[in-house]
Undergrad: 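Quick one: this structure, given as structure tokens, is what I'll be asking you about.
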Amino acid sequence: MRTLVPEKAAPREVHVTRPAERFGDPSAEVLQGAAAAFGLLASPMRLHIVWILAQGDCDVTGLAERVGATLPAVSQHLAKLKLAGLVHARREGRRQVYLVDDPGVVTVVRVMVDQLGGVEPPAGDGRGGGRRDGEPLPVQRLGRGPAVSRGARGLGA
């Protein structure tokens with residue numbers, strides 16, 4: 001009795017395209033600029049400021065109230081962001097109103113916040129941001145980075 005053995009099929013050629021082959025590498029100048037921008041956004045307060053300005057224009061007083069900082073501290077952070085071209089200012093009467101007019105910066109900040117857990121609802125609406133007894137939420141470690149409160153995963157808190 002003869003047994004039929006199926007012939008081995010020839011292996012298919014699979015070509016995997018790596019992103020570097022598809023798009024090419026960015027120039028040294030582009031990488032330097034991106035690193036500088038990410039460096040500026042590495043400050044929680046500056047990142048919070050950009051997050052707020054991504055929602056709409058705001059003056060220094062409004063920003064200071066939202067981030068819980070003094071006017072001079074917020075002004076210093078705004079000066080750095082403005083110097084880097086991440087935010088811009090326009091005069092409205094006697095006050096400066098700040099804005100982010102680069103949709104790319106807004107997209108990067110929003111994607112990062114969404115990837116890290118989104119935004120908590122504002123305090124006082126009964127849906128989160130802290131415990132009912134006023135105690136802060138427990139702190140947990142995320143990877144090797146700094147301790148982060150579970151209730152402060154987003155920047156809107």
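Hydrogens, waters and symmetry mates play no part in the numbers below; they use all other heavy atoms, side chains included.
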Undergrad: Mind checking what makes side-chain contact (heavy atoms from CB on, under 4.5 Å) contact with Glu92, not counting sequence neighbours?
TA: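 Glu92: side-chain contact (heavy atoms from CB on, under 4.5 Å) contacts with Arg90, Arg95, Val97.
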Undergrad: Are the side chains of Leu99 and Asp57 in contact, using a 4.5 Å heavy-atom criterion?
TA: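 Counting from C-beta outward, Asp57 and Leu99 do come under 4.5 Å.
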Undergrad: Using a 3.5 Å cut-off and no angle test, enumerate the donor-acceptor pairs between side-chain atoms of residues 69-86 and protein atoms at least two apart in sequence or in another chain.
TA:
residue: Thr70; atom: OG1; partner: Ala73; partner atom: N; Å: 3.3
residue: Ser75; atom: OG; partner: Leu71; partner atom: O; Å: 3.0
residue: His77; atom: ND1; partner: Arg46; partner atom: NH1; Å: 3.1

Undergrad: For a side chain to side chain contact (heavy atoms under 4.5 Å, CB included) check, start with the C-alpha distance between Tyr98 and Val60, then their side-chain angles and the critical distance, and finish with the verdict.
TA: CA-CA 8 Å; Tyr98 292 87; Val60 178; 3.5 Å; yes
Undergrad: Once rounded to the nearest 0.5 Å, what's the spacing between atom CG of Leu53 and atom CZ of Arg66?
TA: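 Here the interatomic distance stands at 9.0 Å.
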Undergrad: Give the table of side-chain donor-acceptor pairs shorter than 3.5 Å for residues 104-113, with sequence neighbours excluded, one pair per line with atom names and distance.
TA:
residue: Thr107; atom: OG1; partner: Pro103; partner atom: O; Å: 2.8
residue: Arg110; atom: NH2; partner: Ala54; partner atom: O; Å: 3.0

Undergrad: CD of Glu65 to CD1 of Ile52: how many Å apart, nearest 0.5 Å?
TA: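 CD1 of Ile52 is found 10.5 Å from CD of Glu65.
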Undergrad: Test: side chain to side chain donor-acceptor pair (under 3.5 Å). Region: residues 28-37. Which pairs qualify, not counting sequence neighbours?
TA: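 Every side chain to side chain donor-acceptor pair (under 3.5 Å) pair that includes a residue of residues 28-37, provided the two are not neighbours, is Ser27-Glu29.
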